[in-house]
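Nothing here was measured: the structure is a model prediction, and the numbers come from that model.
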Amino acid sequence: MATTSIDKFKRYTVTSALPYANGPIHIGHLAGVYVPADIYCRYLRLKGKDVIFIGGSDEHGVPITIKARKEGVSPQDIVDRYHGIIKKSFEEFGISFDIYSRTTNKTHFDTASDFFKKLYDKGAFIEKATAQYYDDEVKQFLADRYITGTCPHCGNDGAYGDQCEKCGTSLNATDLINPKSTLSGSKPIMKETKHWFLPLDKYESWLRKWILEEHKEWKTNVYGQCKSWIDQGLQPRAVSRDLDWGVPVPVEGAEGKVLYVWFDAPIGYISATKELTKDWELYWKDSETKLVHFIGKDNIVFHCIVFPSMLKAEGSFILPENVPANEFLNLEGDKISTSRNWAVWLHEYLIDFPGKQDVLRYTLTANAPETKDNDFTWADFQARNNNELVAIFGNFVNRAMVLTHKFFEGKVPKLTEITDYEKQIQEDIVKIKNNIEYSIENYRFREALKEAMDLARLGNKYLADTEPWKLIKTDEARVKTILHMSLQIAALCTTIMEPFIPFTTEKLRNMLGIEKFAWDKIGTEMPLVAGHQLNQAELLFEKIEDDAITAQVEKLMKSKAENLVVASVVVPQKPDINFDDFTKMDIRLGTILSAEKVAKTKKLMKLTVDTGIDKRTVVSGIAEYYTPEEVIGKRVSIIANLAPREIKGIVSHGMILMAENADGTLCFVSPEKEFINGGIVK
RNA sequence: GGCGUGGUAGCUCAGCUGGUUAGAGCGCAUGAUUCAUAAUCAUGAGGUCGACAGUUCAAUCCUGUCUCACGCUACCA
């Protein structure tokens, strides 16, 4: 639901999701969060609004400690490295943060700590003791990621306590067979630990009213997701973790505990503001301030449910007015993936395409995943540059400049007589300006950009229709008017295009020899005066040739090839076992007699198997690879003496042996001849 | 499996509370033009609006079922 409410607010606090400091920035981050946020902020500044644009690195959490351990460096080394890369690439790319901070600095520690303390003192938390794995050798509780073991699903030996990366399933640490601490290698023990929880359930009715009734204008994906969460019923969420990397929990008896990273990270917006200005409270506590969070769709629940609940619990803060979350950007038909190196990295782009920040900004905006996941392709990147930036915008400006230099020595000619055409153009300019305002204020940046380009289109059409290169022979006065208007249009582009392609508009201003022209003057004043001397014409954009694009595509294909190699690497052999260990297993041949999908699951199938010994029920996670029909009658191998276990209310007696392919698909291990059911596999 | 979002021309997308010859940009075709980075301008060809049923005088838009994509979530011996 669109509104134009921009003038209700005196100032704006705009945040963009804090990137996690365990890797560099890629085009998915840019298209989803930083480019739209930057457009919004640049626009507001052009309107003369009081706006602060907040960013920073999220530097806590378990993955960073894991990465540090793997590389044999400290977590601080890791975050220093990536914070540096990220900050530098944002700067070069023209993301106009007023501050780009980080969550490891002192201001943030104090702010997050105080925030927790305040909620603690108010009794906003509940305390709960839970049992968790503990490494007795290093005297430390273990985060899920610090426990490895055998995946109960695929038998992979290197599964983590939260997820098996081999088969992709998410796990609980307690599910792992033979859990092992990665810190000492010892077997962890269960031990009680106390944690603090934010009882989100208590905020449910408030959230329902605040979001579902008062913010129906939020984007449908955001609104729908929130509704889904609230309707499902909210649970208390832990706000602390047993870890030595993060902001310590500031209460007695909390040694070895830190704030959970999702609690700590959004407070980073506030800490960064504190660092930026001593008037920070104006930007966070004044009801005339509009708070807007730019995020990706994976972050909706934190920014719409959890963080607002925290702010509400604290009591003195304003709440976000909007949370424009984008969907995801794919790359050449595949999901962007850091681990598979399937991405276009910003710091590499800046090296490969020097001075072409705006081409990427333009492409990502024109193709932004605002309503659904979108695909970035290098072919599209090239086409948008060559057919739109070069051919429409760059070409128009060049035409106006070249003609003026040719006929009037580069001086802005005088406006003589105005015809209906010029009047029409002035009206169109106002229309374009209004359309862009409406689109940007409603977070429709794709649409806004298209409207901005309409100004250059208008200019091209004007020149084609009036043909000053012909007219110069017969009616110089008219040509003066035409070129005057054309140059004014080009000059107005410096403002209209500024939010989207700021490097280009800067260049254009230099060419025209003018200062920044305020947004609100558009339609009432013109940026150029007659007689003004223009500088030499330069090309605003250059064509991107096929070989540059081919090189990028090849780079990606190389990643893909490398991934295939990695994927087909055979899992290394497990540690030796005794013959005794082996003989303990009773593996038999059997036949599947019946099969049905277990209701409400995706992977589970309930099988009746003739084992020769008996006919028994086995639950197996094969439903993604087989249908019940095709499975009936199949010969299989089954571990018969595996202790029974209840899964989804069905007791499973044994486990069907499955072989796994490189791509994770499964197949049965079947006898090669028609041997009897109950035949021993040895 | 549950929930959410999306499935409209070759591509990227608009289509407000049901009635439009279903639109735009890019691409494509034809014509015009040469001031301009063969860039521009005009015209045109492209769509059973994911599938099937239903409600209605009338459905891209409402309801139901199904299907595909993505996300959240459960499950995973």
Inset, instruction - Find the distance A/K473:NZ to B/U34:C1' and express it as a whole number of Å. - result: 11 Å
Legend entry - Closest to side chain of A/K461, choosing from B/A36, B/C70, B/A42: B/A42
Inset, instruction - Please state how far atom NZ in A/K470 lies from atom P in B/U34, giving the value in whole angstrom units. - result: 5 Å
Inset, instruction - Determine the contact category for A/L540: base if any of its heavy atoms lies under 4.0 Å from a base atom, sugar-phosphate if only primed atoms, P, OP1 or OP2 are that close, otherwise nothing. - result: base
Inset, instruction - Would you classify A/F396 as touching base, sugar-phosphate or nothing, given that sugar-phosphate means primed atoms plus P, OP1 and OP2, and contacts are heavy atoms under 4.0 Å? - result: nothing
Legend entry - Residue list, ring-ring contact (aromatic ring centres under 6.0 Å, His included) with A/H215, at least two apart or on another chain: A/W210, A/W218
Legend entry - A/I300 CD1 to B/G4 P, straight-line distance once rounded to whole Å: 14 Å
Inset, instruction - Might you confirm whether atom CD of A/E542 has over 12 heavy atoms from other residues, nucleotides or ligands at distances under 6.0 Å? - result: no
Legend entry - B/C35 OP1/OP2 closer than 4.0 Å to side-chain N/O of A/T466: no
Legend entry - Distance-only donor-acceptor check, side chains A/N367 and A/R384, under 3.5 Å: no
Legend entry - Pairwise 5' ranking along RNA chain B for A/E327 and A/N460, keeping only the more 5' one: A/E327
Inset, instruction - Consider the side chain of A/R399, meaning its heavy atoms from C-beta on, and name the nucleotide among B/G15, B/U40, B/C26 that approaches it most closely. - result: B/U40
Inset, instruction - Check each of A/T363, A/D546, A/N387 against A/Q382 using the side-chain hydrogen bond (donor to acceptor under 3.5 Å, both in side chains) test, and report the only one that passes. - result: A/D546
Legend entry - From B/A77, B/C72, B/A14, nucleotide with atom closest to A/R446 side chain: B/A14
Inset, instruction - Verify whether the ring centers belonging to A/Y421 and A/Y462 lie closer than 6.0 Å. - result: yes
Inset, instruction - Could you check which of B/C72, B/U40, B/U37 has an atom nearest any side-chain atom of A/N395? - result: B/U40
Inset, instruction - For B/G6, take OP1 and OP2 only and decide whether either is under 4.0 Å from a side-chain N or O of A/T220. - result: yes
Inset, instruction - Between B/G44 and B/G4, how far apart are the C1' atoms? Round to whole Å, please. - result: 42 Å
Legend entry - Nearest-Å distance for atom pair CG/P, residues A/L539 and B/C35: 17 Å
For nucleotides 27-29 of chain B, list the nitrogen or oxygen atoms of the protein found under 3.5 Å from its nitrogen or oxygen atoms, one pair per line.
| from | atom 1 | to | atom 2 | distance (Å) |
| --- | --- | --- | --- | --- |
| B/G27 | OP1 | A/N387 | ND2 | 3.4 |

Inset, instruction - Scan A/I392 against the nucleic acid and name what it touches under 4.0 Å (heavy atoms): base, sugar-phosphate only, or nothing. - result: sugar-phosphate
Legend entry - For atom CE of A/M401 and atom P of B/U40, their distance in whole Å: 20 Å
Legend entry - Glycosidic class, syn or anti, of B/G27 using a 90° window around 0: anti
Inset, instruction - Verify the distance criterion only: is there a donor paired with an acceptor across the side chains of A/T419 and A/E422 at less than 3.5 Å? - result: yes
Inset, instruction - Might you confirm whether atom OH of A/Y260 has over 12 heavy atoms from other residues, nucleotides or ligands at distances under 6.0 Å? - result: no
Inset, instruction - Starting from P on B/A14, measure out to CD on A/E370 and report it in whole angstrom. - result: 8 Å
Inset, instruction - Go through RNA chain B and write down every stem, that is, every run of at least three consecutive Watson-Crick or G-U wobble pairs with distances under 3.5 Å, as range with range. - result: B:1-7 with B:67-73, B:10-13 with B:23-26, B:28-32 with B:40-44, B:50-54 with B:62-66
Inset, instruction - Return no unless some side-chain N or O of A/K297 is found under 4.0 Å from OP1 or OP2 of B/C70. - result: no
Inset, instruction - Using whole Å, report how far CG of A/L463 lies from C1' of B/A42. - result: 16 Å
Legend entry - Residues that A/R446 engages under salt bridge (Lys or Arg N to Asp or Glu O under 4.0 Å), provided they are two or more places apart: none
Legend entry - Contacts of type side chain to side chain donor-acceptor pair (under 3.5 Å), residue A/N221, not counting sequence neighbours: A/E327
Inset, instruction - Mind listing the closest non-hydrogen atom pair of A/D375 and A/E332 along with its distance? - result: OD1-N, 3.3 Å
Inset, instruction - Identify whether any heavy atom of A/V390 sits under 4.0 Å from a base atom; if not, whether one sits that close to sugar-phosphate; answer base, sugar-phosphate or nothing. - result: base
Inset, instruction - Let me know the distance between CD of A/E467 and P of B/A42, rounded to the nearest Å. - result: 13 Å
Legend entry - Partners passing salt bridge (Lys or Arg N to Asp or Glu O under 4.0 Å) against A/E451 (at least two apart in sequence or in another chain): none
Inset, instruction - Taking atom P in both B/C62 and B/U43, compute the distance separating them and give it to the nearest angstrom. - result: 34 Å
Legend entry - Nearest to side-chain heavy atoms of A/Q225, which nucleotide of B/C72, B/A36, B/A77: B/C72
